[in-house]
Amino acid sequence: MTYLPLIILGAPRSGTNILRDVLTRLDGLASWPCDEINPIWRHGNLDFPTDELPPDLCRSKQVALIHKQFSWVARKYSAETVVEKTCANCLRVGFVRTALPNAKFLSIIRDPEDAICSAIKKSTSTPNLKYILAKAKFVPKIDFPHYSLKFLKSVINKNKTFVGQKHFWGPVSSEMTKISTECSHLEKCTQQWIDCVTKSSEELRKVPQQNRFQINYEDFVMKPKSILSEALAHLNIRHSEKQLEQAVEDVSISSLGRSQTELDRSEITRIRILLSTNLNLREAGFEFGS
């Protein structure tokens, strides 16, 4: 069955979940019955130290598995467009394009303070067993022992048994592996946001303009129907305007500016300093005052 891969890109806690959920309420668009499929993207490269998989690691067996999984979604849900949202793909757009050369990309960027604030909260929360089991169904069988051990170590690490070891929630970039074990969750999550937005922005410039579209989270939650309608029209993805109006009914503005009440002034100042002094952000065209 033929299908169009639509890849959602966004740093963690940038609205990628609600964006995927809204899109998959439309006829002809579908996704996996779980949150992310990072084990599928990482298959055959488990020993690679980060999620920044270079294109040359996308060999025939990786391509075969990825196509098999996308075809499964297309057949199971009779989907013309298969929507995929794995935040770590921000770090490996070239790898994704090698596997799926006809893919289109929908990226979303959220105010960094709000995104980082939410990521800090998520990274320190207790793992959700139901969430993990849903994702486990799509782990390649041969890789299952690896992820079982990884999960066990993460649980022990949360309980501070593995003192001094690095532990990351979400996408892992090469810059994050250089972070001291003494660094706070705030510093880790800020570096994660920086790497996700700069690396994806750089790689997306290589994608033909008609195959990529970027939206702003704040604009999206304020005007979800008009923003998504524009995005889908640009990407030439068929949709019903009436259906879209129903699909965005639960999009809320309740998370706007949450960092201003959930972080203290010193934390906000620290995030702003880290953003304003990051060379990669400046080179990518992002400017933040300290």
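Counting non-hydrogen atoms of other residues, nucleotides and ligands closer than 6.0 Å to CZ of Phe144 gives a total of 12 or fewer. For Asn236, the CG atom sits in a loose shell: 12 or fewer heavy atoms of surrounding residues, nucleotides or ligands are nearer than 6.0 Å. Heavy-atom neighbours of Leu46 CG from other residues, nucleotides or ligands within 6.0 Å: above the threshold of 12. Environment of CG in Leu133: crowded, with over 12 heavy atoms of neighbouring residues, nucleotides or ligands closer than 6.0 Å. Surrounding NZ of Lys121 are at most 12 heavy atoms belonging to other residues, nucleotides or ligands under 6.0 Å away. Shown here is Gln209, whose CD atom has no more than 12 heavy atoms of other residues, nucleotides or ligands within 6.0 Å.
The backbone N or O of Glu36 sits nowhere less than 3.5 Å from a side-chain atom of Thr86 that would complete a donor-acceptor pair. Looking at Glu267, its side chain does come within 3.5 Å of a backbone N or O of Asp264 through a donor-acceptor pair. The main-chain N or O of Asp114 is never found under 3.5 Å from a side-chain atom of Ser118 such that the two would form a donor-acceptor pair. In this structure, the side chain of Ser201 does not engage the main chain of Thr198 through any donor-acceptor pair within 3.5 Å. Side chain of Arg110 to main chain of Gly15: no donor-acceptor pair is present (N/O by atom type, distance under 3.5 Å, no hydrogens or angles).
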Practice task
Mind running salt bridge (charged side-chain N to carboxylate O under 4.0 Å, His left out) on Arg238 and Asp27 for me, showing each step along the way?
Solution key: CA-CA 9 Å; Arg238 293 189 302 171; Asp27 288 343; over 6 Å; no

Handout entry: Check against side-chain contact (heavy atoms from CB on, under 4.5 Å), Thr50 and Met176
Key = CA-CA 9 Å; Thr50 73; Met176 289 177 69; over 6 Å; no

Exercise for the section: Go through the steps to decide whether Arg20 and Asp35 satisfy the test side-chain contact (heavy atoms from CB on, under 4.5 Å), and finish with yes or no. Expected result: CA-CA 9 Å; Arg20 176 203 57 212; Asp35 185 32; 2.9 Å; yes

Practice task
Could you walk me through whether Asp51 and Arg42 pass the salt bridge (charged side-chain N to carboxylate O under 4.0 Å, His left out) test, one step at a time?
Solution key: CA-CA 8 Å; Asp51 287 308; Arg42 290 299 306 255; 3.0 Å; yes

Practice task
Carefully, step by step, assess Lys178 and Glu175 under the rule salt bridge (charged side-chain N to carboxylate O under 4.0 Å, His left out).
Solution key: CA-CA 5 Å; Lys178 301 173 187 176; Glu175 288 301 314; 3.0 Å; yes

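The hydrophobic cluster containing Phe286 also contains Ile271, counting ILVMFWY residues as joined when their side-chain heavy atoms lie under 4.5 angstrom apart, directly or transitively. A chain of hydrophobic side-chain contacts below 4.5 Å, direct or via other Ile, Leu, Val, Met, Phe, Trp or Tyr residues, connects Tyr77 to Val82. The hydrophobic cluster containing Leu100 does not contain Phe213, counting ILVMFWY residues as joined when their side-chain heavy atoms lie under 4.5 angstrom apart, directly or transitively. Both Leu29 and Leu19 belong to a common hydrophobic cluster when Ile, Leu, Val, Met, Phe, Trp and Tyr are linked at side-chain heavy-atom distances under 4.5 angstrom. Both Ile108 and Leu256 are members of a single hydrophobic cluster when ILVMFWY side chains are connected at heavy-atom separations under 4.5 Å.
Residues Ala99 and Ile66 approach most closely at CB-CD1, 3.7 Å, considering heavy atoms. Contact detail for Arg282 and Ser276: the closest heavy-atom pair is NH2-O, 2.7 Å. Considering all non-hydrogen atoms of both residues, His239 and Glu241 come closest at NE2-OE2, 2.7 Å. Between Pro54 and Phe95, the shortest heavy-atom distance links the atoms O-CD1, 3.3 Å. Scanning both residues, Ala11 and Trp193, for their nearest heavy atoms gives CB-CD1, 3.7 Å. The two residues Leu244 and Ser229 come nearest to each other via the heavy atoms CD2-N, 3.7 Å.
Under the 3.5 Å distance criterion, with hydrogens and angles disregarded, no donor-acceptor pair is assigned to the side chains of Glu187 and His185. Using a 3.5 Å distance cut-off with no hydrogens or angles, the side chains of Gln191 and Ser173 do not pair a donor with an acceptor.
Considering only heavy atoms from C-beta on, Tyr3 comes within 4.5 Å of His67 through its side chain. Within the 4.5 Å cutoff, the side chain of Gln192 has heavy atoms near those of the Pro171 side chain. Looking at Arg92 and Asn89, their side chains come closer than 4.5 Å, going by heavy atoms from C-beta outward. Between Cys87 and Cys196 the shortest side-chain heavy-atom distance does not fall below 4.5 Å. Contact check for Leu106 versus Val83: no side-chain heavy atoms found under the 4.5 Å cut-off. Residues Leu53 and Cys58 fail the side-chain proximity criterion, which asks for heavy atoms closer than 4.5 Å. Side-chain contact check for Leu26 versus Leu232: some heavy-atom pair is nearer than 4.5 Å. At least one side-chain heavy atom of Leu274 sits less than 4.5 Å from a side-chain heavy atom of Leu186.
How far CG of Asp111 is from OG of Ser259: 6.0 Å, rounded to the nearest 0.5 Å.
With sequence neighbours left out, the side chain to side chain contact (heavy atoms under 4.5 Å, CB included) criterion links Arg59 to Asn45, Leu57, Gln62. Qualifying side chain to side chain contact (heavy atoms under 4.5 Å, CB included) partners for Gln260, counting only residues two or more places apart in sequence or in other chains: Glu113, Arg265, Ile268, Arg272.
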